[in-house]
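Following: one structure in structure tokens, then a few remarks.
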Amino acid sequence: MKSQPIHFIRRGDLVKLDDVPATRTLLQVLREDLKCVGTKEGCNEGDCGACTVVLGELRDGKVRYESVNSCIRFAHTINGKALWTVEDIAPAVLNGPSVTQGASTMPVSTLLHPAQQAMVDCFGSQCGFCTPGFVMSLFASYQNRVCQGETVTRDSAQHDLSGNLCRCTGYRPILDAAEHMGQLPPVQVDEKRLLQKLKQVAPISMDSKADSSYKLPQNLPELLEARARWPQAKIVAGGTDVGLWVNKLFMDFEQVIDVTQVAELRRIEPYPQHIAIGAAASLNDAFAALVQDRPQLKHFTDRFAGLPVRNSGTLGGNVVNGSPIGDSMPLLIALRSSVVLMRQSKGRTLHRELKIEDFYLGYRKTALAPDEVLAWIKVPRPQRSRSPSPSPLHGEFLRAYKISKRFEDDISAVCLVVNLDLENGRVKAASMGVGGVAATPVRAAKTEAVLTGQPWSPASVAKAQATLRSEFSPISDMRASSGYRREVLGNLLQRFWLESQGADDINLESGLLEVQP
Amino acid sequence: MSSASPSSASAFAGGSTSAAGRSIPHESAAAQVAGSAVYIDDMAEISGTLFAAPILSKIAHGTLRGVDASAALALPGVRGVVLAKDVPGHPHLATFVGDEPIFAVDSVQHIGQVVGLVVAETFMQARKAAHMVQLQVDALPAVLTVKEALKAKSFVLPPVFVQRGDAAAALQRAPHTLTGTLEVGGQEHFYLEGQVDYAVPHEQNQWQIFSSTQHPGEVQHWVAHALGLDNHAVKVECRRMGGGFGGKETQAGHLAVWAAVAAHKFKCPVKMRLDRDDDFMVTGKRHPFEYEYTAGFDDTGRLCGLQLMMAVNCGFSADLSGPVADRAVFHADNAYFLEDVEIASYRCKLNTQSHTAFRGFGGPQGMIVIEAIMGDIARHLQLEPLAVRRRNLYEIETRHTTHYQMKVEDNILLPLINQLEQTSGYQKEREAVAEWNRSHAIIKKGIALTPVKFGISFTATLFNQAGALVHVYTDGSVQVNHGGTEMGQGLHTKVCQVVADELGVPYARVLISASDTSKIPNASATAASAGTDLNGRAAQFAARNVRNNLAAFVSGLDNCGAGAVRFENGFVTTPTSTRSFDAVVGMAYANRIQLWSDGFYRTPKIHYDKTTLTGRPFYYFAYGAACTQVAIDTLTGESRVTKIDILHDVGRSINPAIDIGQIEGGFIQGMGWLTTEQLVWNDKGLLTTHAPSTYKIPTAGDVPRHFKVDLWPEPNPEDNVFGSKAVGEPPFMLALSVYEALRDAIAWARRDGHAVRLAAPATAEHVLAALNQ
């Protein structure tokens, strides 16, 4: 099966690639086809960041810069975007050779971008193999922060570098480089020129030729039409899991429908009662919307994978993938979310809505029919407390807990999200989502039942802890033993109780433990 | 002394006219940040190059009956398979013990053992096809735990016993005794660049191997052995590695041999690199250890007797397990005088990957148990832990000889610990920790200050030799080569600094090129922290020979003694003239003076008896100490490191910023070993943590804001290059302070004064288990 050409912007100019197979990764195209070997393969599964590149796209009339893992990203996904690799950001090439003059006469220091120079100045590279990935995460940080007048802080640097592993330095010099790059002479992307080019290269509609292997529908009707016409095609969103199936399990898909450019499904729409999150909205955008309503989720959502995966991955992809250890489902279950599935039949668009927990039928098995797509995730918004003064014993009390071996960029051994609706010291309603304890993400229905209608008291909590510990039969695996998972579930409910009583220094994430240098 | 910040690093750059002693950036830094530094897989392939991927055993132990590659061979691009019968030379790798087949012959001995290769036109084709090869294996009982191996006396090498005095009698007399067990996990190297080799056949059965290796000489030897050739027919080159950490000491040789055998069969260049998951499954890791001990001590906490059993999980073959286990025995004292002591070391054979060198090389596993004992003695006697550690330190006039009969002559432990106690505010911080713990039920804090004393030299005395070549070209530019390899540690940068100073030329005039067996023969592995000590000296001697030639020539011109000729800042000065170095070189060339030289160095003073493990295995010791604070969550067992203060001894630093980089990087890697990095083998012997998704090395978010490193201000009292000390491995063991701080926090939560039994790594699950005991 043939594929349509890929058009993108690199070094200020339009690049066209022909005949790239649907599942060929961006890293393979860079290293093997284009012989641009500056970008490295460290793990081939999006966990180490050595392959990080930056994509630029047109969003609301502006350029949006995002670091992504090129190893698990299909090359076709950059169609219509701008691409920067570690070889593309030096001032001599950043905006294309036709723009930058006299590079050879520049002093050495200006031959590097500040993201690169800062790494040299701060001794941020030792073996140098992770370095191109770090440089690109720093470049994204430079565009998103430094160029917006923001100072890079230690915290924002840790956030921006959360998807990059280094085995040599212990990170301190790299974090220093992140803070240092803004103090170097600035280097600017020529955004005016880039915007113009991006507009030229933006796809207008899907290539609907039957034999084209990579479908990039641009709007919902195109997506539904593609789904109906090519039911055997693999639907892919951010590809942060599908990329692994290709790289590690040697799966191949002859035809792919990529939903990430479907304009409607990238939207996040707030309504009075709920937020509708399009299935193609990135994890970052989706989480930002959820955190806006519920700021206590910030730590939890920041711990979901690393930044490049949150940039690429979508909430819809995480939901459809349905991994029992995916972190967004316990949260969505606890928030009583639902999914809207759509399909086209005889020219009519049909949709149905399911409670999210009913979407899961078994291990990685969902209720999605072969001709259906996930379109929206509807998340109820917090209802304002009816109590005149906000009190922890009144209204929604929500906490999300994640237990993993490593704090950042890890997969949960156990994930527990508890959402209580309290009224006058009683549990009016309880909603609890759990990950890592069953073949699917699940609702802790028994524990909810034990709590519902009861006074919110130590006695009720003790009863609920016992129920929660026995409600599931988690497996033992490399992340944790069954016994630990059960024990910790109950202990987390204890924490939830203490936090509902106002304790704010009982969590390692509370920031109270940070010692200044 | 210097602090770890870019401003203080650059402070070293000014003022001095010499290169050594300054924080000069890594010689490849500018290329690395631009993506133009070339690693093996980045090299443009020669036309006709094929790619090999390994066929792995899926059974931990069994009889290999056959290999069915028909499905693989049917795939597009697949050229064929390579099996044991295709090895033209010796079927076993040329390891020290010779117990490892190149490809499994008639049995498989671990899941992930390489049975053969699939060779194809692309990397992906080869990998995909290799996974489709079916192996006929009759399963046999597998040994999957150290306890099973001990019971079955399944060993790769015979046990070793070391003793001094009469430990049993001392324990009888001791006012207090503690008996315990400890399990310490292994560690995956997780070099960011996986194992990779490129084998290129040349004319007349001569070979060139591009290898990401810490030991090009061994790759040369192994490839020649496998191909049935003399060593001189194989040339091995390594410009740089994307990380090594010991994982590319012997393990790179395997890939080189596999690629070369495939290239031999298909008569074309073959590149082989391991996908990350395969790298985990195939290659060895840090040795997991299990211990049983009884320690006797008096009321002041001073140890008077110790019986210690170490059982080492070596995996299925010996590899470097003998010297690793030896070094663990040598470091069972860490910084403490062990009066009556008896150590038994068992080198267990298991059906897992064959464990190998990893930064510290058994030292960390030797030291963790004595640090654990120190902590438990303090808890048992309700003494302050640092006081107990001080009470047991090696002393100067007495109590200065190790259990392997080496006198500790350069002991700076007490002043170093005292200084860190002050600069870290240890006592005040300890009170603050206590105060916090009294008023907080859920989050408990812990603090520990632990020392490091680490012996420097290869324990195999013969490896402590090195060679170098210094070429001065007619324009005055300098090229240096030596037997060491660059894996990010900054060895090449330091060697260039030393050579620049020896010739009195600016640092920028000295260039280093790839490590190459045809330039420096018989070089030892870049390992044992000794890279700069050995190769820096050899290069210094080579440069000195050239300088002497030039000095003799110039003294003839100016009628002065050769000793009166000075080489500084690119100039050559005599009492009567000043000439540029370049001009002198030009004149010397015209007068047929030799402008290049070799240099050779062997470490003095060292010797030891391999059977009794006694003597002076180490030229000197490197010292350090770290004070670390942690917090644990008693509901979940999760932990965070919140404050790190380090004082470390690198002698007179050749490059402070690079040395600080080694200290910080070593510490964080050690922290990973002891906290998040858990290797899990299931009950079939399958390693289930085989990628970064399941095996978690530290991230930037794990590094506390307060991470302060100071350098001890004294030079190495032994005659060593620039007065420096080795720095690669010793800082790794500073992270034992993390483990001890975690045990301190657990003890605060338990408040029962008992020993804290905490398996390493201290995952949340292990911490919670320790809390629940």
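None of these values were measured; they are calculated from a predicted model.
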So which part of [X] gets closer than 4.5 Å to some heavy atom of chain A, the side chain, the backbone, both or neither?
| X | answer |
| --- | --- |
| B:N772 | side chain |
| B:V680 | side chain |
| B:I663 | neither |
| B:T636 | both |
| B:E677 | side chain |
| B:I24 | backbone |
| B:W436 | side chain |
| B:I442 | side chain |
| B:I668 | side chain |
| B:I697 | both |
| B:F667 | neither |
| B:T493 | neither |
| B:A34 | both |

So, [X] and [Y], do they make that salt bridge, N to O below 4.0 Å?
| X | Y | answer |
| --- | --- | --- |
| A:D47 | B:R276 | no |
| A:R31 | B:D42 | yes |
| A:E32 | B:K271 | no |
| A:E41 | B:R273 | yes |

Polar contact flag, side-chain donor to acceptor under 3.5 angstrom, A:Q126-B:Q32: no

No-hydrogen, no-angle side-chain donor-acceptor test under 3.5 Å, B:S36 and A:E87: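 Looking only at side-chain atoms, A:E87 and B:S36 do not form any donor-acceptor pair under 3.5 Å.
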
CA sep, side-chain torsions, deciding dist, call: B:L679, A:M478, side-chain contact (heavy atoms from CB on, under 4.5 Å): CA-CA 8 Å; B:L679 292 165; A:M478 80 296 270; over 6 Å; no

Donor-acceptor contact present, side-chain B:E765 to main-chain A:A480, <3.5 Å: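 A pair under 3.5 Å: no.
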
Smallest separation among heavy atoms of B:D275 and A:K248, with atom names: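 Minimum heavy-atom contact is OD2-NZ, 2.8 Å.
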
Would you mind reporting whether [Y] and [X] have side-chain heavy atoms less than 4.5 Å apart?
| X | Y | answer |
| --- | --- | --- |
| A:P173 | B:E664 | yes |
| A:V515 | B:P704 | no |
| B:L635 | A:E487 | no |
| B:D702 | A:Q158 | no |
| A:V488 | B:L768 | yes |
| A:S162 | B:T699 | no |
| B:K445 | A:L513 | yes |

Heavy-atom pair count under 4.5 Å with chain A, highest-scoring of [options]:
| options | answer |
| --- | --- |
| B:H706, B:M671, B:R705, B:E45 | B:R705 |
| B:L192, B:D41, B:I632 | B:L192 |
| B:T694, B:D279, B:T763 | B:T694 |

Once rounded to the nearest 0.5 Å, what's the spacing between atom [atom1] of [X] and atom [atom2] of [Y]?
| X | Y | atom1 | atom2 | result |
| --- | --- | --- | --- | --- |
| B:F245 | A:C127 | CZ | SG | 6.0 Å |
| A:S476 | B:D683 | OG | CG | 10.5 Å |
| B:K696 | A:K405 | NZ | NZ | 9.0 Å |

Residue pair B:E193, A:K40: steps toward the side-chain contact (heavy atoms from CB on, under 4.5 Å) verdict: CA-CA 8 Å; B:E193 176 208 36; A:K40 308 301 181 200; over 6 Å; no

Derivation of the side-chain contact (heavy atoms from CB on, under 4.5 Å) call for B:V33 and A:L112: CA-CA 8 Å; B:V33 300; A:L112 296 174; 3.9 Å; yes

Cation-pi geometry met for B:R640 and A:F407 (6.0 Å, 45°):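 Output yes; distance and angle both within limits.
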
side-chain contact (heavy atoms from CB on, under 4.5 Å) assessment of B:E638 paired with A:N507: CA-CA 10 Å; B:E638 294 165 290; A:N507 195 316; over 6 Å; no

Pair B:H131 and A:F250, ring centroids less than 6.0 Å apart: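 Centroid separation for B:H131 and A:F250: below 6.0 Å.
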
